[in-house]
Amino acid sequence: RGEALEESRCFSAEVDYLRHYGSTWQGVATVTYRMVFDPEFLYIQSGSVKCLNPAAGTAPAAVAEEKHFGQDLVYINADAGRYLRSQADHGRACPTLQNVSPQIQRSLQEALDAANERNDR
């Protein structure tokens, strides 16, 4: 059941520059994205971005670079701070903040601090 719920919050895509445009983008032939959002859609909880070099002859395309959401890449909802502030104002804890990476935790805390600062003005 947990896997099915995660899949409902998953976005996957592939951009094949070589196939669609006949050329690479900055030397990259294909980029694949897999993003899993947290249950509140406040941040991308996990996933990756893989950049593939063009295949050479019969050899398969090689991964030129791979970055992971929550570690190398941190994306949070632009309105996360206001949402977290609203939850706190109503005495509700946000369960999706448990077991997040330090990078995501830091970004969400910065968003909350900014929302609190705007509210204090």
Hey, which of F37, F69, Y33 is the one that makes ring-ring contact (aromatic ring centres under 6.0 Å, His included) with Y75?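 That would be F69; it is the only one of F37, F69, Y33 passing the ring-ring contact (aromatic ring centres under 6.0 Å, His included) with Y75.
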
Search all heavy atoms of P54 against all heavy atoms of G27 and return the closest pair with its distance.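 Closest approach of P54 to G27: CD-O, 3.6 Å.
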
Looking only at heavy atoms, what is the nearest atom pair of Q45 and I104, with distance?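 Where Q45 meets I104 most closely, the heavy atoms are O-CD1, 4.3 Å.
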
Measure the shortest side-chain to side-chain distance between M35 and C10 over non-hydrogen atoms and say whether it is less than 4.5 angstrom.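 M35 vs C10: side chains apart.
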
Can you tell if the side chain of Y43 reaches within under 4.5 Å of the side chain of L108, non-hydrogen atoms only?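 The answer is yes, as the side chains (C-beta and beyond) meet within the 4.5 Å cut-off.
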
Name the atoms and distances for all side-chain donor-acceptor pairs under 3.5 Å in residues 77-86, with sequence neighbours left out.
from : atom 1 : to   : atom 2 : distance (Å)
N77  : OD1    : D79  : N      : 2.7
N77  : ND2    : F41  : O      : 3.3
D79  : OD1    : R82  : NE     : 3.2
D79  : OD2    : R82  : NE     : 3.0
D79  : OD2    : R82  : NH2    : 2.7
Y83  : OH     : E40  : OE1    : 2.6
R85  : NH1    : N116 : OD1    : 2.4

Is there a path of hydrophobic side-chain contacts, each under 4.5 Å between heavy atoms of I/L/V/M/F/W/Y residues, joining V15 to L52?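 No, no single cluster joins them.
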
Test side chain to side chain donor-acceptor pair (under 3.5 Å) applied to D113 - qualifying residues, sequence neighbours left out: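 Only Q109 meet the side chain to side chain donor-acceptor pair (under 3.5 Å) criterion with D113.
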
What residue pairs, at least two apart or across chains, pass salt bridge (Lys or Arg N to Asp or Glu O under 4.0 Å) with a residue in residues 16-32?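 Those involving residues 16-32 are D16-R19.
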
What distance separates [X] [atom1] from [Y] [atom2], expressed to the nearest 0.5 Å?
X	Y	atom1	atom2	result
I76	R106	CD1	CZ	11.5 Å
E65	K50	CD	NZ	13.0 Å
S46	R34	OG	CZ	6.0 Å

Hey, what else clusters with L18 if you join Ile, Leu, Val, Met, Phe, Trp, Tyr whenever side-chain heavy atoms sit under 4.5 Å?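 Same cluster as L18: nobody, lone residue.
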
Please evaluate residues I44 and L73 with respect to the criterion side chain to side chain contact (heavy atoms under 4.5 Å, CB included), reporting the C-alpha separation (whole Å), side-chain torsions for both, the decisive distance (0.1 Å), and the verdict. CA-CA 9 Å; I44 298 175; L73 305 168; over 6 Å; no

Could you pull out all residues at least two apart from D72 that satisfy side chain to side chain contact (heavy atoms under 4.5 Å, CB included)?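 D72: side chain to side chain contact (heavy atoms under 4.5 Å, CB included) contacts with K67, H68.
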
Sequence neighbours left out, what passes side chain to side chain contact (heavy atoms under 4.5 Å, CB included) with V28? Give chain and number order.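 Result, side chain to side chain contact (heavy atoms under 4.5 Å, CB included) vs V28: V31, C51.
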
Take E66 and V49, measure what side chain to side chain contact (heavy atoms under 4.5 Å, CB included) needs, and give me the verdict at the end. CA-CA 6 Å; E66 182 173 1; V49 177; over 6 Å; no

List for me each residue that meets ring-ring contact (aromatic ring centres under 6.0 Å, His included) alongside F11, sequence neighbours excluded, and say none if there are none.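 Scan of F11 (ring-ring contact (aromatic ring centres under 6.0 Å, His included), adjacent residues dropped) gives none.
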
